[in-house]
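In what follows, a single structure is set out as structure tokens and then discussed.
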Amino acid sequence: MIFIAVRFTVRSADREKWLPAVEDFTLATRQEPGNVFFDWSCSVENPDQFVLLEAFASAEAGAAHVKSEHFAAAMDRMADLVAETPEIINVEVPGEGWSRMAELQPRTR
């Protein structure tokens with residue numbers, strides 16, 4: 001599985017525009033063959049920072065994603081909103097998705 005984490009720092013004035021701007025990209029990517037997950041989060045320490053966690057079943061699925069029309073369109077839209085070049089981690093990991101954390105279980109009430 002290809003696991004990718006990307007931190008996007010957006011211009012403060014454009015913070016509220018970010019999620020609407022990436023909505024079509026998100027929905028299209030989640031429909032791609034080989035997409036395992038594509039999830040956005042917002043930093044609790046920096047309100048101008050969004051984190052994208054995404055995974056693809058194979059390197060080929062990841063490559064197809066980067067070559068898609070919706071990827072190109074999203075990069076064009078994002079360029080107007082980011083304050084700096086995003087930071088990325090892109091690694092191949094074993095597995096097929098999320099696993100359960102062994103160290104923590106909910107208590108029974």
Side-chain angles (χ1 to χ4, degrees):
M1 176 174 75
I2 305 300
F3 174 77
I4 304 163
V6 188
R7 286 196 296 205
F8 297 87
T9 302
V10 301
R11 295 183 178 111
S12 294
D14 293 326
R15 178 185 319 130
E16 298 302 319
K17 296 177 185 175
W18 183 258
L19 291 176
V22 300
E23 184 175 6
D24 290 345
F25 175 51
T26 300
L27 295 173
T29 301
R30 288 176 177 166
Q31 296 301 311
E32 292 178 19
N35 177 256
V36 179
F37 56 83
F38 196 85
D39 298 325
W40 290 98
S41 298
C42 189
S43 171
V44 296
E45 295 173 354
N46 179 352
D48 296 335
Q49 192 171 79
F50 293 85
V51 177
L52 173 61
L53 299 180
E54 57 186 305
F56 296 90
S58 65
E60 295 78 19
H65 167 66
V66 173
K67 293 176 184 171
S68 71
E69 288 182 25
H70 56 268
F71 182 91
M75 295 306 106
D76 186 54
R77 276 191 309 275
M78 289 176 180
D80 291 328
L81 303 173
V82 293
E84 60 188 53
T85 302
E87 300 172 287
I88 187 169
I89 298 170
N90 184 328
V91 295
E92 189 170 342
V93 296
E96 297 178 357
W98 292 96
S99 299
R100 296 287 178 178
M101 183 176 172
E103 297 83 5
L104 181 62
Q105 302 295 319
R107 287 198 178 99
T108 316
R109 293 184 183 195

(message) Does any part of the side chain of E32, heavy atoms only, come nearer than 4.5 Å to the side chain of F71, both counted from C-beta?
(response)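 No, too far: nothing below the 4.5 Å cut-off.
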
(message) Does any part of the side chain of H70, heavy atoms only, come nearer than 4.5 Å to the side chain of T26, both counted from C-beta?
(response)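 No, every pair of side-chain atoms sits at 4.5 Å or beyond.
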
Where is the tightest heavy-atom contact between [X] and [Y], given as atom of each residue plus distance?
X: G34; Y: A61; value: CA-CB, 3.9 Å
X: E54; Y: L52; value: OE2-CD2, 3.2 Å
X: A57; Y: V36; value: N-CG2, 3.6 Å
X: G97; Y: M1; value: N-SD, 3.4 Å

(message) I'd like to know if the side chain of R30 and the backbone of N35 have a donor-acceptor N/O pair within less than 3.5 Å.
(response)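 Answer holds: no.
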
Measuring from atom [atom1] of [X] to atom [atom2] of [Y], what distance do you get when rounded to the nearest 0.5 angstrom?
X: Q49; Y: R15; atom1: CD; atom2: CZ; value: 12.0 Å
X: R11; Y: D48; atom1: CZ; atom2: CG; value: 11.5 Å
X: E60; Y: I2; atom1: CD; atom2: CD1; value: 8.5 Å
X: E23; Y: R77; atom1: CD; atom2: CZ; value: 10.0 Å

(message) More than 12 heavy atoms of other residues, nucleotides or ligands under 6.0 Å from CZ of R7: yes or no?
(response)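 Result for CZ/R7: open.
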
Hphob cluster co-occupancy, [X] + [Y], side-chain heavy atoms under 4.5 angstrom:
X: F8; Y: V66; value: yes
X: V22; Y: I88; value: yes
X: W18; Y: L53; value: no
X: W98; Y: I4; value: no
X: V91; Y: V6; value: no

(message) Using ring centroids (six-membered ring only for Trp), state whether F25 and W40 fall under 6.0 Å.
(response)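 No, the ring centres sit 6.0 Å or more apart.
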
(request) Show your reasoning for whether side-chain contact (heavy atoms from CB on, under 4.5 Å) applies to F56 and T29. (result) CA-CA 10 Å; F56 296 90; T29 301; 4.1 Å; yes

(message) With side-chain contact (heavy atoms from CB on, under 4.5 Å) as the criterion, how do F50 and L19 come out once you've worked through the C-alpha distance, each side chain's angles and the decisive distance to 0.1 Å?
(response) CA-CA 9 Å; F50 293 85; L19 291 176; 4.0 Å; yes

